[in-house]
Structures are given as C-alpha cells and as structure tokens.
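All residue numbers in this chain count up from 1 along the given sequence. None of the values given here were measured: they were computed from a predicted structure.
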Amino acid sequence: LNLKLAHACAQDAVNQSVDWPRIEQPLLKLDIPILKVNSQVTDRQCYLKRPDLGRKLNLGSIRDLKQWRATVNDPVDVCIVISDGLSAPAIQQQTQPMLDQFIADLSVIGHQCSVICLVKQGRVAIGDEIAQILNAKFLVVLIGERPGLTAFNSLGIYFTYQARVGFTDAYRNCISNIRPKGLSFFDASRRLVWLINEANRLKLSGVQLKDDSQLDDRLSRQSNHNQDNFLIVKPVLKT
C-alpha cells in the first residue's frame, strides 16, 4: 500500500499543473519585478514528450523580456527563474519559504534579486535564454525535481554565472532535494549564497566551481543568523 501511494503521488506530481496565481501572490510583497513567460510547449503532454521545446521561450515571451529590459537602466544582478519542471507540488510547497530565506541572505552579501520570472512548462535550460536576454550576472533556477518513490515534492536549484544559450550542465551548480524532510531552506540558501560569493570572485560556475561550502564550519551552525552570520565573512576555502 505504501508503494502504491508513493507511486500515485509521483504520477500526480508530474501531471499536475502549477497554480501560478497562488505562487505569484506572496511574491508581490518582495517588491521585485515579476515577469510571466512561457516555453514553446503547448500542453502538459507535449511538455513530457518534447523536453527540447521546454528549453526554449516562445516568441511572445522573447518580445516581452526584451521590452522589459529596454526599460531598465540598472544591470540585472540576480535573476530568479521559477519553473514547474516535473513536480507541481514542489513549486507550490517549497518556493515561498525558499525565497524568503534566500532573499534575506542575499542582501547580506551585497547582492539583490533584480527580477523574478515565472515560467510555464519550462526546463532548466530555459533559464539560460532568459538570462542572456536580460544580461543577468547570476541566474538562479528553481524547478520541481523529477519525483521518486521517496519524495514527490523536492525542489531543485540550478545556479549559473553569466548564463548563455547553449550552456550545458557543466556550467551549472545544482542544489537538490530541498524540502522539509530533505535539505532545509536554511542550508540550501546558505549553500547558494556561498556559490554566488565564490562565482563573483572567480567569475565562473559549474564544474570549475567546487562546492566547498560544507568545509566552512560557520555554514553548518544552526545558529541565529542575526547573531552569527557567516555570510559577512570571506568563506574558508580548502587548500
């Protein structure tokens, strides 16, 4: 019975659609521009059968992004892309608490989220096209991970420095299994800001940017972040 329940939850997670108004509403309080775009996918079945179309923006979305960028004089620092991926529950349950933690931590290291893009039926690589159009310095993609029999609501994060169309996974850093019973929002956020800090210093991401965040003792402390915040100190690197 447990196996059947887990299998049913996984199937539902893949086939469900994200309630995007539910995602957008709490984001409004962040006072960050929100752009809504679409991939070239027409429906959920097309999304599952044609991953290639989920990696590309449709023409209307490309136009909208270019128009928005033309109206903004300031450079785009951190661009956050939120896409349904293969788990609607992951996006609906984990996005808001993850962003609440991350936006607060991001400000401590002197960076800011310039724009949030909500992408319907998008794959990870669609973030590269968005970042290229917006000329974003850092790209953070939040996406629903492929569900397994032990977790159907895990959120994944993909981070890229100066993302461009054609980038492979070798250019990305991944943080996975983000959920209450997996990697905490606290730890996921601190790993992400550590990567941003290092990417800003080294001007790269992906396989060349080894995630040594676990070597920083301050990162593993579950202390109050206002009392002892490792983010304001240069990270300790392995020699």
Taking all heavy atoms of [X] and all of [Y], pick out the closest pair and write down the distance.
| X | Y | answer |
| --- | --- | --- |
| Ala136 | Arg164 | O-NH1, 4.4 Å |
| Val81 | Gly127 | CG2-CA, 4.3 Å |
| Ala188 | Ile175 | O-CD1, 3.8 Å |
| Val14 | Pro147 | CG2-CG, 3.5 Å |
| Asp43 | Cys46 | OD1-N, 2.8 Å |
| Pro180 | Gln94 | CD-OE1, 3.4 Å |

Spacing of [X] atom [atom1] and [Y] atom [atom2] [to the nearest 0.5 Å]:
| X | Y | atom1 | atom2 | result |
| --- | --- | --- | --- | --- |
| Gln101 | Leu106 | CD | CG | 11.5 Å |
| Ile91 | Ile143 | CD1 | CD1 | 7.0 Å |
| Asp19 | Gln25 | CG | CD | 11.0 Å |
| Leu134 | Glu129 | CG | CD | 10.5 Å |
| Cys117 | Lys36 | SG | NZ | 12.0 Å |
| Ile116 | Glu24 | CD1 | CD | 10.0 Å |

* Given the rule that I, L, V, M, F, W and Y join up when any side-chain heavy atoms are under 4.5 Å apart, are Tyr158 and Val119 in one cluster? ->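 Yes, Tyr158 and Val119 fall within the same hydrophobic cluster.
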
* Asked: Are Leu99 and Val78 connected in a single hydrophobic cluster, I mean Ile/Leu/Val/Met/Phe/Trp/Tyr linked by side-chain heavy atoms less than 4.5 Å apart?
  ->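 Same hydrophobic cluster.
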
Look at the side chain of [X] and the backbone N and O of [Y], then say whether any donor-acceptor pair between them is shorter than 3.5 Å.
| X | Y | result |
| --- | --- | --- |
| Ser189 | Phe185 | no |
| Asp84 | Val18 | no |
| Ser39 | Leu57 | no |
| Ser83 | Gly122 | yes |
| Ser184 | Asp187 | yes |
| Thr95 | Gln92 | no |
| Glu145 | Asn177 | yes |
| Gln132 | Val165 | yes |
| Lys203 | Asn200 | yes |

Could you check whether [Y] and [X], counting side-chain N and O atoms only, form a donor-acceptor pair closer than 3.5 Å?
| X | Y | value |
| --- | --- | --- |
| Asp77 | Ser114 | no |
| Asp64 | Ser61 | no |
| Asn15 | Gln11 | no |
| Ser205 | Asn173 | no |

Any side-chain heavy-atom pair from [X] and [Y] closer than 4.5 angstrom?
| X | Y | answer |
| --- | --- | --- |
| Lys120 | Ser17 | no |
| Ile32 | Ile80 | no |
| Arg69 | Val76 | yes |
| Ile157 | Met98 | yes |
| Asn197 | Trp194 | no |
| Ile23 | Leu27 | yes |
| Leu86 | Arg123 | yes |
| Leu155 | Leu142 | yes |

* Asked: So does Leu59 have more than 12 non-hydrogen atoms from other groups sitting under 6.0 Å from CG?
  ->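 Not more than 12 within 6.0 Å, no.
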
* **Presence of salt bridge, Asp128 and Lys56, under 4.0 angstrom** =>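 The answer is no: the pair does not qualify as a salt bridge.
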
* Asked: Taking the six-membered ring of Phe152, is the NZ or CZ of Arg179 close enough (under 6.0 Å from the centre) and on axis enough (within 45°)?
  ->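 No cation-pi geometry.
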
* Cation-pi, Phe186 ring and Arg190 (6.0 angstrom, 45 degrees) ->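 Yes, cation above the ring, under 6.0 Å and within 45°.
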
* Under the side-chain contact (heavy atoms from CB on, under 4.5 Å) test, residues paired with Leu202 that sit two or more places apart ->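 In terms of side-chain contact (heavy atoms from CB on, under 4.5 Å), with neighbours along the sequence ignored, Leu202 is linked to Glu198, Leu204, Leu209.
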
* To do: Might you work through the salt bridge (charged side-chain N to carboxylate O under 4.0 Å, His left out) test for Arg191 and Asp212, ending with a clear yes or no?
  => CA-CA 9 Å; Arg191 284 181 60 184; Asp212 283 333; over 6 Å; no

* Val115 and Leu35: CA distance, side-chain angles, deciding distance, side chain to side chain contact (heavy atoms under 4.5 Å, CB included) verdict -> CA-CA 7 Å; Val115 61; Leu35 306 179; 3.7 Å; yes

* Asked: What class does the angle between the rings of Phe159 and Phe138 fall in, given that below 30° is parallel, 30 to 60° is tilted and above 60° is perpendicular?
  ->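 Correct class here is parallel.
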
